[in-house]
Amino acid sequence: MDDFVFVSGRLSLDLAGTLLWRRSRRVELLRSPDDLRRWIRRADLLDAPGPLDPRALSRACRLREAVYTLVHAWPPAPAADDEVREALAELNEAARLPLPRHQLDEGGRLIRTGGVDEVLGAVARDAVGLLGGADFARVRECLNEECTRLFVDLSRSANRRWCGMAECGNRHKVANYRKRRQQAAR
């Protein structure tokens, strides 16, 4: 069992969500190359991620931080600070990488192959498409004041508030229920 959840509606935002609680206790979900391997499998990017080393992990974390920085600073001001310019360069460099190779086997089953370059290329192109597309206007940050997960609000009414009901939404509902019970007991 791992802590990876895919609730954002976009691959790049799901990668950004692998560092939790950024404003407070910061929980890193990508602590090792094995964690990255599990995330890649859970994200359905590659069927059998090859060997990953600390360098691959570092590259993925740099791209993750670039995505998070750019979502919060988008569109960048003409006089963007160094952090935003570096994040944009990181994203654009990764977007030039190849994508995972998709093929069908003789039984009609999809086979996804590649390495860390292909994973980073897929995540970066997703981020470029998000930042440059219409969905960006619907990007939100979870309203749980501690949570920093980003998601695309594709709800019909465009009023989604939580990264996910199983995570923050349920916690909020429970807290409100307890508060109402305490007030009623007075």
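Nothing here was measured: the structure is a model prediction, and the numbers come from that model.
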Chemist: For side chain to side chain contact (heavy atoms under 4.5 Å, CB included), just list the numbers for Leu97 and Val119, CA-CA rounded to whole Å, side-chain angles, deciding distance to a tenth of an Å, and then say yes or no.
Modeler: CA-CA 9 Å; Leu97 294 170; Val119 168; over 6 Å; no

Chemist: In the structure I gave you, are the side-chain heavy atoms of Leu30 and Phe4 within less than 4.5 Å of one another anywhere?
Modeler: yes

Chemist: Excluding sequence neighbours, so at least two apart, what forms side-chain contact (heavy atoms from CB on, under 4.5 Å) with Ser32?
Modeler: Asp34, Asp35

Chemist: Within this structure, what is the SG-CG distance for the pair Cys163 and Leu13, rounded to the nearest 0.5 Å?
Modeler: 12.0 Å

Chemist: Give me the atom names and distance for the closest heavy-atom approach of Trp39 to Val123.
Modeler: CH2-CG2, 4.2 Å

Chemist: Tell me every residue that passes salt bridge (Lys or Arg N to Asp or Glu O under 4.0 Å) with Arg85, counting only those two or more places apart in sequence or in another chain.
Modeler: Asp82

Chemist: Got a second to check how far Trp21's CH2 is from Glu146's CD, nearest 0.5 Å?
Modeler: 7.0 Å

Chemist: Determine whether Leu52 and Leu57 satisfy the following criterion, side chain to side chain contact (heavy atoms under 4.5 Å, CB included), listing intermediate values before the conclusion.
Modeler: CA-CA 7 Å; Leu52 298 174; Leu57 177 63; over 6 Å; no

Chemist: Testing the basics here: between Leu36 and Ala56, what is the closest heavy-atom pair and its distance to 0.1 Å?
Modeler: CD2-O, 3.8 Å

Chemist: Going by an N to O cut-off under 4.0 Å, is there a salt bridge joining Arg23 and Glu141?
Modeler: yes

Chemist: Has the side chain of Ser58 got a donor or acceptor atom that lies under 3.5 Å from a matching backbone atom of Pro54?
Modeler: no

Chemist: Report yes or no: does Arg41 contribute a side-chain atom to a donor-acceptor pair with the main-chain N or O of Asp47 at less than 3.5 Å?
Modeler: yes

Chemist: Applying a strict under-4.5 Å side-chain criterion to I, L, V, M, F, W and Y, I'd like to know whether Ile40 and Ile111 cluster together.
Modeler: no

Chemist: Please confirm whether the backbone N or O of Asn159 pairs with a side-chain atom of Asp153, one donor and one acceptor, at under 3.5 Å?
Modeler: yes

Chemist: Give the minimum heavy-atom separation between Ala60 and Leu120, together with the two atoms involved.
Modeler: CA-CD2, 3.7 Å

Chemist: Backbone N or O of Gly115 within a donor-acceptor pair of the Glu118 side chain at under 3.5 Å?
Modeler: yes

Chemist: Working to the nearest 0.5 Å, report the span between CZ of Phe136 and CG of Leu70.
Modeler: 9.0 Å

Chemist: Under 3.5 Å, side chain of Thr148 to main-chain N/O of Arg22, donor-acceptor pair present?
Modeler: yes

Chemist: Please check this pair: side chain of Asn144 against backbone of Cys168, looking for a donor-acceptor N/O pair closer than 3.5 Å.
Modeler: no

Chemist: Do Val139 and Leu19 sit in the same hydrophobic cluster, where Ile, Leu, Val, Met, Phe, Trp and Tyr count as joined when their side-chain heavy atoms come under 4.5 Å apart?
Modeler: no

Chemist: Report the C-alpha separation of Leu143 and Trp162 in whole Å, then their side-chain angles, then the decisive distance to 0.1 Å, and conclude whether the side chain to side chain contact (heavy atoms under 4.5 Å, CB included) test is met.
Modeler: CA-CA 6 Å; Leu143 284 183; Trp162 316 112; 3.8 Å; yes

Chemist: Do Val67 and Leu99 share a hydrophobic cluster, counting only Ile, Leu, Val, Met, Phe, Trp and Tyr and linking them when any side-chain heavy atoms are less than 4.5 Å apart?
Modeler: no

Chemist: For a 4.5 angstrom cut-off between non-hydrogen side-chain atoms, does Leu88 reach Asn92?
Modeler: yes

Chemist: Does Arg125 reach the main-chain N or O of Ala95 with its side chain, forming a donor-acceptor pair under 3.5 Å?
Modeler: yes

Chemist: Please check if the side chain of Arg59 supplies one atom and the backbone of Ala94 the other of a donor-acceptor pair under 3.5 Å.
Modeler: no

Chemist: Would you sort out whether Arg64 and Glu28 count as a salt bridge (charged side-chain N to carboxylate O under 4.0 Å, His left out), showing the intermediate values?
Modeler: CA-CA 12 Å; Arg64 172 189 69 192; Glu28 174 63 74; 2.7 Å; yes

Chemist: Judged by atom type as modelled, is there a donor-acceptor pair below 3.5 Å linking the side chain of Asp126 to the main-chain atoms of Ser12?
Modeler: yes

Chemist: How long is the span from the CZ atom in Arg140 to the OG atom in Ser155, to the nearest 0.5 Å?
Modeler: 8.0 Å

Chemist: Would you say Ser8 and Arg149 are linked by a side-chain donor-acceptor pair, where the criterion is simply a distance under 3.5 Å?
Modeler: no

Chemist: After noting the C-alpha distance and the side-chain angles of His102 and Leu110, does the key distance pass the side chain to side chain contact (heavy atoms under 4.5 Å, CB included) rule?
Modeler: CA-CA 7 Å; His102 288 191; Leu110 175 63; 3.8 Å; yes

Chemist: Any donor-acceptor pair under 3.5 Å linking the side chain of Arg42 with the backbone of Phe6?
Modeler: no

Chemist: For a 4.5 angstrom cut-off between non-hydrogen side-chain atoms, does Leu131 reach Leu91?
Modeler: yes

Chemist: Cluster question for you: counting only ILVMFWY and a side-chain heavy-atom cut-off of under 4.5 Å, with indirect links fine, are Phe151 and Val5 together?
Modeler: no

Chemist: Look up atom CG in Asp117 and atom CZ in Arg96, then write down how far apart they are to the nearest 0.5 Å.
Modeler: 12.5 Å

Chemist: Starting at CD of Glu65, measure out to CD of Glu86 and round the result to the nearest 0.5 Å.
Modeler: 13.0 Å

Chemist: Tell me the closest heavy-atom pair linking Leu130 and Arg10, and the distance in Å.
Modeler: N-NH2, 3.4 Å

Chemist: For a quick test of reading the model, state the closest non-hydrogen atom pair linking Gly17 to Leu20 and the distance between them.
Modeler: O-CD2, 3.2 Å

